[in-house]
2 protein chains.
Amino acid sequence: MNIQQLEYIVALDQHRHFVQAAEHCFVTQPTLSMMIKKLEEELNVKIFDRTKQPIVPTAIGRQLIDQARVLLREARRLEEMAKQYNGDLSGELHIGVIPTIASYLLPAFVQSFIQEHPAIRLRVSEMITERIIRELKMGNLDVGIVASAADEATLREIPLYRERFFAFVSEATALFDKQYILPTEIDPNELWLLEEGHCFRTQIQSLCELSKNSPSGNSFQYRSGSIETLIRMVERSGGVTIIPELAMLDLSEDRKKFIRSFQAPVPAREVGLVVNREQVKMHLIDLLRSTIQRVVPHLPSDEALQVL
Amino acid sequence: MNIQQLEYIVALDQHRHFVQAAEHCFVTQPTLSMMIKKLEEELNVKIFDRTKQPIVPTAIGRQLIDQARVLLREARRLEEMAKQYNGDLSGELHIGVIPTIASYLLPAFVQSFIQEHPAIRLRVSEMITERIIRELKMGNLDVGIVASAADEATLREIPLYRERFFAFVSEATALFDKQYILPTEIDPNELWLLEEGHCFRTQIQSLCELSKNSPSGNSFQYRSGSIETLIRMVERSGGVTIIPELAMLDLSEDRKKFIRSFQAPVPAREVGLVVNREQVKMHLIDLLRSTIQRVVPHLPSDEALQVL
DNA sequence: CCTTTGTATAGACATAGCCTATAACCACAG
DNA sequence: CTGTGGTTATAGGCTATGTCTATACAAAGG
């Protein structure tokens with residue numbers, strides 16, 4: 001058994017196809033066939049059922065492939081430790097970002113980052129906090145960018161910046177005429193929210209449920225997957241929505257007319273990196289942190305914030 | 001990097017000596033030297049400081065060796081999974097046993113076990129519960145034999161048998177003339193105990209502290225490391241000690257005259273196996289369990305027991 | 001300064017892993 | 001029943017890698 005063979009069975013499990021898996025491993029199909037056969041003989045176990053098309057792992061094969069993944073992850077960790085010791089700023093950095101941050105933060109720093117560190121291959125996936133936490137724990141993700149992650153013992157949080165919340169109000173609402181507004185002044189029936197699962201939704205709920213006047217279950221309520229959509233809903237159908245500061249800064253001048261600030265203490269969220277405590281790519285992650293902090297406009301003024 | 005090389009650095013870390021480590025790996029010293037050098041070149045890291053004698057790992061070397069151990073453990077796990085699937089009853093079973101069980105249980109089953117399963121290499125280490133738990137978690141031990149282990153989330157307990165406690169009393173004590181005794185009747189000043197760390201000591205303390213008449217810190221108190229020694233102390237210096245059932249059964253007829261039973265509910269302890277939840281050698285451990293349960297005399301009568 | 005003890009290097013050999021070419025298998029169309 | 005396309009397995013040759021023996025080199029001790 002060797003590490004290579006384990007990579008082969010994991011690749012074959014991914015592709016369920018010898019030719020494709022072989023390409024993925026940069027070897028020919030016969031090589032892959034032979035090596036897998038050899039491993040199967042050594043372990044005296046049929047890992048793949050080749051009678052089916054596409055190929056499927058056997059029951060025991062599933063277990064072995066999963067274990068192979070564990071082993072390969074540990075192998076990469078070892079290599080990463082050596083690399084980092086050498087101050088080697090190369091490698092892959094797999095980042096998970098929540099949607100309400102991704103759209104506005106990524107354009108701001110990705111370009112700078114890949115220019116400054118051309119040897120780092122950046123892989124960004126958009127996913128909700130819950131999944132980021134899960135993937136971090138499984139070791140499929142190097143770092144997450146979230147807004148106030150749950151305190152997990154195995155994870156570590158690194159604060160990046162705070163961003164305030166702003167209301168985007170339609171001309172039709174009473175709020176439009178105010179200069180500063182209070183969360184309690186928002187009519188829950190007029191409030192557009194993201195769909196379930198987004199932590200930004202949860203935060204706004206807790207902000208507005210403080211006012212306890214949300215009867216819920218009334219009239220029509222559309223739940224959107226993106227902040228941009230919420231803004232459009234307000235523009236066309238009236239009402240109000242709440243957006244984070246980076247989203248606000250991104251608006252056109254025309255749209256900014258519909259922005260209203262909250263009265264102090266201004267509701268805000270804390271954006272930070274989350275990493276597994278055992279993470280060995282801390283060097284790379286530190287580069288990420290400093291790039292983000294340099295690129296993001298210095299948002300939080302000295303005013304009182306209410307961090308949700 | 002390959003698995004072999006990792007075994008080499010782990011072996012060299014153990015032996016701190018190329019020739020010995022090479023022997024341990026069944027290769028020649030030049031082979032070991034070359035392979036380690038090769039790994040060091042590949043990772044671009046000096047793993048061992050050869051200027052010292054004996055050789056020592058460098059700082060980064062330490063980390064890499066630890067990670068190599070993790071990797072090797074996962075590799076063995078993988079092989080073990082395949083073996084078990086094949087119903088292969090071979091392999092190594094590393095058992096940790098607490099001292100107060102080891103002396104009396106091991107002679108009873110080890111012989112049977114190795115005869116019934118000659119392909120299993122048994123490795124037994126005597127250690128206190130605390131260390132057994134630690135080694136199980138680190139994966140250095142396959143299974144532990146303990147008396148009521150703490151409930152650790154990552155471990156699983158498998159009950160084996162219950163054994164009662166008995167008092168071994170000197171002729172000089174008042175207890176000698178009684179047929180059945182109560183824990184409260186034992187004078188703590190006359191009671192011989194094992195040294196700190198033994199769970200059997202703790203259990204007896206909790207049994208006798210119920211009677212709350214242990215002023216402690218009085219006169220001379222010798223703490224022994226073995227039950228056999230406690231018995232000798234009673235024989236020579238008087239007083240009383242408490243021993244588990246298997247130890248009692250092992251006594252000569254002469255000595256059994258000094259044994260007194262407790263009144264019901266008879267204090268007892270529950271002996272069981274402890275394994276890591278992720279343990280893949282469950283098949284082997286099941287064989288161990290059935291051999292032990294067959295060999296150990298059926299101890300607990302139907303009488304009421306007070307399991308400590 | 002030579003011996004002892006320990007590690008590194010050199011050169012030879014076997015083999016493990018890879019490649020190309022091709023066989024074998026299987027489903028399906030004609 | 002047979003040919004064809006898609007897929008995996010086998011064969012034979014080449015190279016790189018891991019291993020060995022023999023020996024050089026280095027450091028410490030008498």
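To find a chain, count down the sequence lines: A is the first, B the second, and so on, and within it residues start at 1.
Every residue meeting the ring-ring contact (aromatic ring centres under 6.0 Å, His included) condition with A:H24, not counting sequence neighbours, appears here in chain and number order: A:H15. Contacts of B:N140 classified as side chain to side chain donor-acceptor pair (under 3.5 Å), with partners at least two apart in sequence or in another chain: B:E135. Listed by chain and number, the residues in a salt bridge (charged side-chain N to carboxylate O under 4.0 Å, His left out) with A:R76 amount to none (sequence neighbours excluded). By the ring-ring contact (aromatic ring centres under 6.0 Å, His included) test, A:H117 pairs with A:F113, sequence neighbours left out. Every residue meeting the ring-ring contact (aromatic ring centres under 6.0 Å, His included) condition with A:F200, not counting sequence neighbours, appears here in chain and number order: A:F165. Residues that satisfy the salt bridge (charged side-chain N to carboxylate O under 4.0 Å, His left out) test with B:E7, not counting sequence neighbours, are absent from this structure.
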How would nucleotides 16-24 of chain C be written as a contact map, 5' to 3', with B for base contact, S for sugar-phosphate-only contact and - for no contact, using protein heavy atoms under 4.0 Å? SSSBBB---
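Screening B:L6, B:L12, B:I9 for a side-chain contact (heavy atoms from CB on, under 4.5 Å) with B:I65, the sole residue that qualifies is B:I9.
Note that the two end axes of the helix from C:dC1-D:dG30 to C:dG30-D:dC1 enclose an angle of 10°, each drawn from 5 base pairs, rounded to 10 degrees.
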Carefully, step by step, assess B:M1 and A:L78 under the rule side-chain contact (heavy atoms from CB on, under 4.5 Å). CA-CA 10 Å; B:M1 180 178 69; A:L78 199 151; 3.9 Å; yes
CA sep, side-chain torsions, deciding dist, call: B:I227, B:Y104, side-chain contact (heavy atoms from CB on, under 4.5 Å): CA-CA 10 Å; B:I227 289 173; B:Y104 309 100; 3.6 Å; yes
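Atom P of nucleotide C:dT7 and atom CG of B:L32 are separated by 9 Å, given to the nearest angstrom. Rounding to whole angstrom units, NZ of residue B:K37 and P of D:dT19 are separated by 16 Å. Following rounding to the nearest Å, A:E41 (CD) and D:dT10 (C1') show an atom-to-atom distance of 12 Å.
Within the structure, side-chain hydrogen bond (donor to acceptor under 3.5 Å, both in side chains) pairs that include any residue of residues 25-37 of chain A comprise A:T28-A:T31, A:Q29-A:S33 (at least two apart or interchain). Residue pairs meeting the salt bridge (charged side-chain N to carboxylate O under 4.0 Å, His left out) criterion with at least one member in residues 55-64 of chain A, sequence neighbours excluded: A:D13-A:R62, A:R62-A:D66.
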Taking N or O atoms only and anything under 3.5 Å, show me the protein contacts with nucleotides 3-5 of chain C, one pair per line.
none

Identify the pairs formed between an N or O of the protein and an N or O of nucleotides 25-30 of chain D at a distance under 3.5 Å, and give each distance.
none

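Put simply, the side chain of B:L155 does not reach to within 4.5 Å of the side chain of B:R277, judged on heavy atoms. Counting only heavy atoms from C-beta outward, the side chains of A:V45 and A:E40 never approach each other to under 4.5 Å.
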